[in-house]
Amino acid sequence: MGIGELDREAHVPEGRPRGTAGSPRTLAEALRARGDDGLAALLRARPDLLGPVPNDLTQLATRAGTRASVVRALERLDRFSLQVAQALAVAPDPAPYPVLLGLFTGGRPGSAVEEALPRAVALLREQALVWGGDDRLRLVRTARELLSPSPQHPSPTGLGPTVAEATAGMSPGRLQEIVAAAGLPSTHDPVSAVAALTSLFTDRERMAALLDTAPPEALAVLDRLVWGPPYGEVTAKPAPPVGWLRDRGLLLPVSPRTMVLPREVALHLRGGRAHRAPEPRAPELSVAREYRPAVADGAAAGQAYAALATVEELLKSWEHGGPPVLRAGGLSVRDLKRTAAALDVPEPVAAFWLELAYGAGLLASDGEADERYAPTPAYDDWLDLPPAERWVRLAAAWLAATRTPGLAGGQDAKGRTLSVLGPDLDRAAAPEVRRRVLGLLAALPPGAAPDPETLLARLRWERPTRGGSAADRAPAAPGAPAAAPPETAAGAWASDSRPAPASSPAPSSPADLRERLARWALQDAELLGITGRGALSTAARALLNLPLDAPAEPSAEGGGVEPEVAEERAAELLEPLLPKAVDHVLLQADLTAVAPGPLLRPLADALAVLADVESKGGATVYRFTPGSVRRALDTGQAASDLHAFLAAHSRTPVPQPLAYLIDDVARRHGHLRIGAASAYVRCDDDALLGEILADRRSAPLRLRRLAPTVLAAQTDPSSLLDGLRAMGYAPAAESAEGDVLVARAAAHRTPVRTPPAPVPDGPPPPDATLLAAAVRAIRAGDRAATAVRKEPAPAAATPGGLPRTSPAETLATVQAAAMTGSAVWIGYVNAEGAASQRVIAPVRVEGGFVTGYDHTADEVRTYPLHRITGVAELADDEV
């Protein structure tokens, strides 16, 4: 069905408003007809229009039509609203509502589109992408230019140019040949010839009769082009079916080797539809598994506790010297592998924990000449918090962070590898995607885990055009063929009559950044304990300020209480589910200790020095070794201190093998003394020194006897300590005075650091106060700009449009306006020399100043009279 027929046959649905004779002529007029709530809705949906606040509605309309603003608005449309905008881009301008409806239904009533189309049109109107009444719907010019089909940018509808566009520049003689071949009477000019062809192609009966005479091969060619792309290549001598179509204008040339299917022909073949598959409804979320809410909350709490333990373990391992910072910033691949091995997690998971600690402000570079990563002072404050509050800090930092660890290991636009903790990992869309994913999870019943594919399909429907740049996308596989250009996607027609073989399918494009962000959000939420078994936890619902015991609205956004109140509520809900800290261990005869739960911090820190962690989980297992006992003795503790510590914190008696181990290591600890000569070893037992000299393993230390109880070494004291300990001895370092040095390494901290600020995805959403103030300012400026003024005399105005009156006339006019309470139009030049026009209502005139209400600024101001260039009365006192 053609567009003309749709206009004649489609009907306006019952209850729809019909256009009136007073339809707005411009977008500014349409905005002027809105109420304050309508303007606030526009500014809320498109906050970029507020920077800075427009002076009046004309400036607002101009800014709403700029390319950057329109692109941003189109990116935030759902799939069906975008399909409506795409249909308007290929419809006549302006398009009546019935024509738009026909482009979706093909004239068949009862479709789901009829229910969804009014909502989509209202949304486009609200965002100032469409204006005009239902009888004259207009897409803003910039959006039409972006969405209209062209050879370089094919329309998503698959439609090509109109007959008038495709024949522009065609010779009149060739047009007459096409008109004659199509069975139409000849015309006298190209314009009437194009009109005749357009009328033919939009007439259902005549078009059907013409196609009935087409060869079957020609119809096959049309079938290949009808849903796009509408372009195809031809050879110098096209096949007869292609020639038949070309002669009758069913295919029109756009270049010597390229033909296009006109839009009117394609619409007839499609039955009048612009889209093959309109999607008026969002895909439904399906539930993969459903658990009792208590089960999901328990699983999430267990993972939250594991997250706290992992972050603490990570930062504790970097307390005494973390890995160096790369020259270009970030962590090296080798150090990432080491960190992953130490945490016993895959490298992508280690990258997530590193970026989480960095984003929460617990980890940073120290800024030294030999720059290294280390915990920040905020880490110590974080450790002092209760476990539930520590988790809330991590979860809140994750929700707001734009850092995207999943990109690490990829390449940027310049081919450089992206490193963990390095630059270029910020993606502004990440926080919005995370919150949207969690919002969709909250729309399910508590305890329900969604099918990830249906969730991703829902996100794709909500933001179909939002993708990453080339730098954001995953690199293509080596050797992958390039996709065919749009104009060749339909294949080339051979010179004989055989149809060309179908072109090979293009390789799958790289995953959309938004989809990858959604997948990472699901994975990260499970790691962090925001979800348990895939279901959103109750504590996370409280953190997001959503209903706790019922599904939220699909479009629900957190709101209602302050973020601090929501965080406190989330911590209160999580606290009872976390395991309680215990103050004891269970010593066993195999030189191990079992912690039946998380240990109190002082006990955990002391036990971490005395023993090595052998396994983690619900119950942590520590193992005592000669090395771990020596490590505790190196901190200045005696064997009696260790015995007392274990006896005080064990629910079982201290096993005899452990007591023997401590005594044996203590007996030998400090027997050898290491000092600085270059380095030396002294010992009261000269036989022991002789044993060391005779041991072949001591050869790298290059020892020699200086005295019966002293050996000298040609190495530094620390290397000598390590070498003798590797040989099985337990030496102790001593100071220049001969005292034993206590090896108590100080925890390294960076200077005070602020967490990395998220990269904003455009301007922040305005709050209610800012919206109300902006609407008042725009209204005031618009009233001032549109106020009707008396025409000044020719000599009373400057070339720039400012009124020009003498000082005496200015004083007399403003005094009269102050007495009568009327408003006047003034020209004003400020101290910087900037000239402006203003509408003011003078209240007081004295001392060389006039004070009055400035309708342009929407506030009371005072102006020096000598800076007023002139004054003019308003034609009607409308302000």
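All residue numbers in this chain count up from 1 along the given sequence.
Evaluated for a side chain to side chain contact (heavy atoms under 4.5 Å, CB included) with V70, the options R46, E145, Q127 yield exactly one hit, R46.
For the pair L399/L544, a side-chain contact is recorded, criterion being any heavy-atom separation below 4.5 Å from C-beta on. Put simply, the side chain of V113 reaches to within 4.5 Å of the side chain of F80, judged on heavy atoms. Within the 4.5 Å cutoff, the side chain of T198 has no heavy atoms near those of the T162 side chain.
Scanning both residues, D93 and L137, for their nearest heavy atoms gives OD1-O, 4.3 Å. Summarising the geometry of D782 relative to T58, their closest heavy-atom pair is OD1-N, 4.2 Å, with the distance given to 0.1 Å. Between V84 and L124, the closest heavy-atom pair is CG1-CD1, 3.6 Å.
Checked for salt-bridge contact, E453 and R519 meet the test: a charged N lies under 4.0 Å from a carboxylate O. Classification of E432 and R514 as a salt-bridged pair holds, one side-chain N sitting under 4.0 Å from a carboxylate O. Ion pair R119/D78 flagged as a salt bridge, since at least one NZ, NE, NH1 or NH2 atom sits closer than 4.0 Å to an Asp/Glu carboxylate oxygen.
Counting only residues at least two apart or in different chains, salt bridge (Lys or Arg N to Asp or Glu O under 4.0 Å) contacts with residues 54-64 are absent.
When atom types are taken as modelled, the side chain of R125 and the backbone of W131 share no donor-acceptor pair closer than 3.5 angstrom. No donor-acceptor pair under 3.5 Å is formed between the side chain of R32 and the backbone N or O of L57. Judged purely by atom type and a 3.5 angstrom limit, S537 uses its side chain to pair as donor or acceptor with the backbone of I530. Judged by distance alone, the side chain of R79 and the main-chain N or O of R281 form no donor-acceptor pair under 3.5 Å.
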